[in-house]
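Here is how names work: the chains are called A, B, and so on, in the same order as the sequence lines, proteins then strands, and each is numbered from 1.
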Amino acid sequence: MLPKAYDPKGTEDRIYKMWEESGAFKPSGDESKETFTISMPPPNATGQLHLGHAVMLALEDIFIRYERMQGKDVLWIPGTDHASIATESVVIRKLIKEDGIKNPREELGREELLKRIHSYVEESRSTIRSQVRKMGSSCDWSRENYTMNQALQRTTYEAFKDMYGKEVIYRGHRIVNWDPKLHTTISDDEVVWVDKTAPFYTFQYGPFQIGTVRPETKFGDKYVVMHPDDKRYAQYKHRDTFECEWINGTITATIIKDEAVDPEFGTGCMTITPWHTQTDFDIAQRHNLDKQQIIDFDGKLMDIAGEFAGMKIEDAREKIVEKLDKKGLLVKVDENYEHTTATSSRGGAIVEPQVKEQWWIDVNKKAVDWKGKKMSLKEVMQDVVRSGDIKIIPERFEKNYFYWIDNLRDWCISRQLWWGHRIPVWYKDGETHVDVRPPEGDGWEQDPDTLDTWFGVGQWTWSTLVDPKLTEDYSLSLQDILDKSPDYQRYHPTQILETGYDIIFFWVARMILMTTYSTGQVPFETVYLHGMVRTRDGKKMSKSHPETMIDPLDIIEKYGTDALRMSMIVGQSPGNDQKLYEEKIAGYRNFVNKLWNASRFVLMQCESAGVTPAEVESGKWKVENLSLADKALLSSLQDLITDVSEGLEKYRLSEVGERLYSFTWDYFCDWYLELSKGEVNPDVLVSALRTIVTLLHPYCPFVTEELWESIKPEGAEMLISEPWPESDTSLKDQSAQEELQPVIDVISAIRSLRADQGIETNKKIIVTLLTQTKGELFEAQNEHIKSLAKIESLTIATHPDAPKPENAAASVLNNVEVYMSLEGLIDQEKEVVKLSAEKEKLEGFIKGINAKLDNKKFVENAKKEVVILEKEKLESAESKLQKVIERLTSLN
RNA sequence: GGGCGCAUAGCUCAGUUGGUCUAGAGCGUCUGGUUUACACCCAGUAGGUCGGGGGUUCGACUCCCUCUGCGCCCACCA
């Protein structure tokens with residue numbers, strides 16, 4: 001016999017091992033079956049699994065298990081991400097802090113530092129692997145992948161080479177976001193803008209007044225720019241020059257007219273610093289102006305600053321203002337000026353725009369063959385979503401996606417980091433060699449930079465499917481490799497990409513870009529975006545505030561994986577954030593335990609009936625011999641199967657979870673099991689439980705698998721490999737479900753009357769049931785009603801003038817008898833009375849229904865049930881209307 | 001500045017082409033119960049003018065407008 005409470009700790013690891021060893025996670029490879037593939041978004045190989053991962057794993061595992069049980073050939077590839085910038089900065093920080101190495105790069109050198117990072121990564125990768133397993137993820141570990149694998153390196157290099165050949169990748173001096181702390185460029189998406197209040201200075205600059213928050217950049221300013229239409233400055237001509245006293249003496253300034261200047265802002269004119277501001281850089285490019293570096297890559301002023309050279313910019317600022325003030329050039333200071341400052345999302349350093357020679361991807365060059373046309377990367381990215389090749393859930397994110405692409409600028413793909421895929425370019429005596437392998441001969445120097453992580457990870461869905469052996473054969477082209485890789489041929493494109501909405505631009509968009517370019521296929525068909533997990537107060541869980549963090553592993557230890565999974569899925573809708581807290585998780589732990597105990601009960605019933613569950617063959621019963629409760633149960637189960645299947649197809653995971661929860665608890669346990677305490681049909685009982693357990697398996701894989709062991713039919717395999725139940729329409733028995741309802745209502749009504757009258761539940765009472773109809777039904781259910789409502793004796797009589805419930809309640813006081821009328825429960829007289837109050841409204845209602853039924857599109861789109869429901873409602877409403885009209889006319 | 005989301009019971013949330021919503025669930029509250037599936041339980045109770053206002057409609061939590069309050073994303077003007 002099973003223990004009294006479900007013990008996840010004693011179950012989960014054992015079950016997981018059993019699954020993994022059985023090979024159930026591997027795709028069947030059955031050619032006759034449709035494939036279903038998900039590439040697991042690789043967690044960063046830097047640390048611990050957090051709730052974000054847990055949500056992702058739970059969602060994906062539900063999709064995967066459902067499709068596997070549907071009989072598809074299912075593949076879910078796990079992996080980890082080397083995450084160059086994140087990992088390198090974590091390890092460097094660690095070396096500085098824990099090992100006392102002040103400047104790890106210089107002291108250790110490239111090779112040694114990479115070795116250290118590598119060993120750190122290997123350790124945390126194995127941690128993550130075991131944590132992914134803890135979540136019950138049914139992914140194919142034999143195909144586990146890693147973004148630093150040789151295969152991904154090869155495909156990355158191939159893409160680089162090809163893009164370079166088509167001039168989609170180019171090298172150029174452009175303005176970049178420079179992180180002076182990490183000493184690398186970062187992409188636009190890695191910049192975080194922070195609101196700040198800072199003094200806004202206005203200086204006299206020759207005849208002009210110019211405003212700035214950054215006096216320290218102004219040393220090299222020799223251009224003053226204004227809008228060409230600004231009448232105030234009409235007297236000045238484009239390219240006019242003038243002498244002007246400035247920070248370090250007199251300079252010659254040039255007037256530039258450019259539309260980028262907003263005449264409404266400040267004085268309507270400004271000086272520019274092309275080397276350190278994007279807008280200024282663009283102006284300088286347009287007019288072919290000189291650009292000069294003022295601040296070095298450590299954030300210190302350069303020689304041009306004269307006496308200020310070598311100072312940190314934040315220290316120099318005040319002193320420069322002081323000097324200008326002494327010269328009488330400071331006009332005014334606005335201390336409360338609000339503006340935003342660019343900071344790095346890694347480490348928080350203030351980002352200093354710099355001009356640097358970098359590698360770029362041209363997103364506007366029409367160099368991609370797509371659907372028989374030459375398109376730019378931007379156009380392809382737009383096309384695949386617009387045409388519906390890729391669907392984003394929730395849909396509203398498609399708007400965001402398009403907006404982002406519209407504003408997308410060339411993508412800077414080189415990073416001054418060491419950890420990552422090194423740029424496949426070699427230099428020698430001014431020669432440049434771009435290839436997937438180093439050139440022959442001596443003296444070639446490889447580009448020191450690495451590629452942006454997202455460049456490589458953008459190939460994740462397919463680089464993980466190519467045969468790694470082929471990537472070592474350099475006689476093959478990328479196309480050859482793809483053609484000869486069976487996994488790629490069979491499992492790409494993937495079906496769902498499931499990830500958080502926060503990386504839609506970082507990653508989702510880049511995957512679309514990289515994959516369409518290199519393979520001519522979309523990487524995935526559907527993008528399912530989940531929201532962030534927040535604390536009870538709606539705050540972000542952050543590492544800097546450990547008390548706000550919920551560690552999934554602690555939760556698993558305490559409540560079990562199934563409970564954690566349920567609590568994250570129910571109440572979570574795509575694209576929206578959710579709050580998670582312990583009470584909620586405990587609630588689902590209770591649910592898991594409820595299921596456990598219901599199963600125990602079923603097993604006990606079998607035992608006392610002398611039947612072993614294994615002997616039970618579903619469907620062996622004769623329907624006509626079944627009790628009303630059994631018929632109703634089997635019928636509602638068919639509805640459940642339909643609802644769960646349809647809900648999962650439509651990605652309504654929360655709704656399905658709730659449906660399963662309430663069916664199991666409210667219907668199966670509280671009603672059916674209670675109702676059948678007198679007499680049971682073990683066949684029905686066991687097969688119903690099997691269905692419930694099967695339907696719950698994608699959500700609660702562990703407890704269901706464990707229970708399956710006790711209730712499965714003779715010769716059945718593990719639940720993970722069981723086929724998904726199909727709704728059996730022959731068991732649909734609407735009337736049984738409807739018949740049972742009045743019985744349930746009567747019991748509820750009696751219970752509630754008892755409560756009203758303060759009659760203790762252990763005290764048996766005598767009830768006379770007066771009803772206008774359905775006398776036989778209550779006769780047949782007499783025993784059940786008696787035992788469930790604790791009734792001494794139940795007399796049933798039918799009478800057209802049965803008393804109203806309130807009268808019945810009054811008589812209880814005197815006679816300890818409950819008279820009940822079912823009139824109010826079965827008939828919808830109340831509604832008639834309500835509707836009759838306003839004849840017009842009723843007519844409008846019928847008009848509305850008629851209009852709906854006349855609308856072909858409505859009928860087509862609506863579910864059949866809905867139409868039937870509306871029709872029935874229409875009929876009853878019509879007859880009610882007749883009655884109302886009759887009454888009204890008789891009154892007149 | 002542009003865009004998006006949210007506002008429903010004390011708390012966390014469902015409510016999918018407007019009509020079984022007379023607005024539901026879980027947790028919490030309160031009342032009562034429990035020798036044998038389960039106190040990680042059972043039965044019941046209280047609690048909401050569905051953020052405010054306006055509109056469309058026979059009918060609005062649901063659609064439109066507007067206001068208020070929270071949150072997010074993108075862009076950025078010196």
Side-chain angles (χ1 to χ4, degrees), chain A residues 1-2 4-6 188-189 193 200 210-214 217-218 221 225 260-262 264-273 277-280 339-340 342 394 396-397 399-400 403-404 406-407 501-502 504-505 531-532 534 536 538 559 563 570-573 575-581 583-584 586-605 650 652 654-655 658 661-662 666 669-670 673-674 748 751-752 754-756 758 760-762 828 830-831 834 838-849 852 855 857-858 861-862 869-870 872-873 877:
Chain A
M1 184 43 67
L2 299 171
K4 255 186 132 173
Y6 171 58
D188 291 345
D189 301 283
W193 293 86
F200 183 77
I210 55 130
T212 184
V213 278
R214 304 201 57 194
T217 63
K218 295 287 155 195
D221 289 9
V225 191
V261 179
D262 177 6
E264 303 293 316
F265 186 86
T267 57
C269 62
M270 63 177 190
T271 60
I272 56 165
T273 315
T277 309
Q278 176 73 49
T279 321
D280 297 1
H339 74 137
T340 48
R396 66 186 143 89
F397 278 91
K399 229 186 211 175
N400 281 17
Y403 187 79
W404 181 80
D406 288 343
N407 293 293
Y501 67 72
D502 54 332
I504 178 168
F505 306 133
M532 306 294 108
R534 293 173 177 278
R536 207 191 176 108
Y559 299 104
V570 177
Q572 196 262 16
S573 57
N576 292 326
D577 293 351
Q578 61 166 329
K579 293 166 189 171
L580 193 67
Y581 44 91
E583 296 94 302
K584 187 176 175 187
Y588 288 101
R589 184 267 322 263
N590 296 353
F591 169 71
V592 168
N593 194 238
K594 185 75 184 175
L595 177 71
W596 180 261
N597 273 295
S599 308
R600 284 181 66 210
F601 178 72
V602 171
L603 293 176
M604 285 175 177
Q605 296 292 315
K650 290 177 184 156
R652 291 183 185 166
S654 172
E655 220 171 284
E658 259 181 290
Y661 179 102
S662 91
D666 303 339
C669 292
D670 290 349
L673 291 186
E674 292 294 332
S748 296
R751 280 173 173 168
S752 129
R754 293 178 85 112
D756 282 351
E760 288 164 22
T761 34
N762 57 358
Q828 296 297 311
K830 270 200 278 181
E831 199 184 337
K834 212 189 95 211
E838 286 181 64
K839 192 179 135 203
E840 273 181 29
K841 284 190 179 177
L842 191 53
E843 281 171 334
F845 167 75
I846 287 165
K847 212 173 77 188
I849 299 289
K852 262 194 175 172
N855 183 343
K857 203 175 153 201
F858 169 80
N861 291 348
L869 189 77
E870 299 290 0
E872 280 171 359
K873 185 148 192 173

Between protein and nucleic acid, restricted to nucleotides 9-13 of chain B and to nitrogen or oxygen atoms under 3.5 Å apart, what atom pairs and distances do you find?
from	atom 1	to	atom 2	distance (Å)
B:C11	O2'	A:Arg536	NE	3.4
B:C11	O2'	A:Arg536	NH2	2.8
B:U12	O4'	A:Tyr581	OH	3.2
B:U12	O2'	A:Tyr581	OH	3.2
B:C13	OP2	A:Lys579	NZ	3.0

Atom pairs under 3.5 Å: protein N/O with N/O of nucleotides 1-5 of chain B:
from	atom 1	to	atom 2	distance (Å)
B:C4	OP1	A:Lys399	NZ	3.0

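For B:C4, the paired nucleotide is B:G71, the pair qualifying as Watson-Crick or G-U wobble because both relevant distances are below 3.5 Å. Across the strands present, B:U12 finds its partner in B:A25; the criterion is a Watson-Crick or G-U wobble pair with both atom distances under 3.5 angstrom.
Applying the side chain to side chain contact (heavy atoms under 4.5 Å, CB included) rule to A:Asn590 yields the partners A:Trp665; only residues at least two apart in sequence or on another chain are considered. In this structure, the side chain to side chain contact (heavy atoms under 4.5 Å, CB included) partners of A:Tyr403, at least two apart in sequence or on a different chain, are A:Asn407. For A:Gln572, the side-chain hydrogen bond (donor to acceptor under 3.5 Å, both in side chains) criterion is met by no residue, not counting sequence neighbours. Partners of A:Val261 according to the side chain to side chain contact (heavy atoms under 4.5 Å, CB included) rule, which considers only residues two or more places apart in sequence or in another chain, are A:Val225, A:Met270. Under the side-chain hydrogen bond (donor to acceptor under 3.5 Å, both in side chains) criterion, A:Ser573 pairs with A:Asn576, not counting sequence neighbours. Listed by chain and number, the residues in a side chain to side chain contact (heavy atoms under 4.5 Å, CB included) with A:Lys584 are A:Ser567, A:Gln578, A:Leu580, A:Tyr581, A:Tyr588 (sequence neighbours excluded). In terms of the ring pair (Phe, Tyr, Trp, His ring centres under 6.0 Å) criterion, residue partners of A:Trp404 (sequence neighbours excluded) are, by chain and number, A:Phe505.
Distance A:Leu2 CG to B:C38 C1': 13 Å, rounded to the nearest Å.
Below the 3.5 angstrom threshold, one finds no donor paired with an acceptor across the side chain of A:Lys4 and the base of B:C38.
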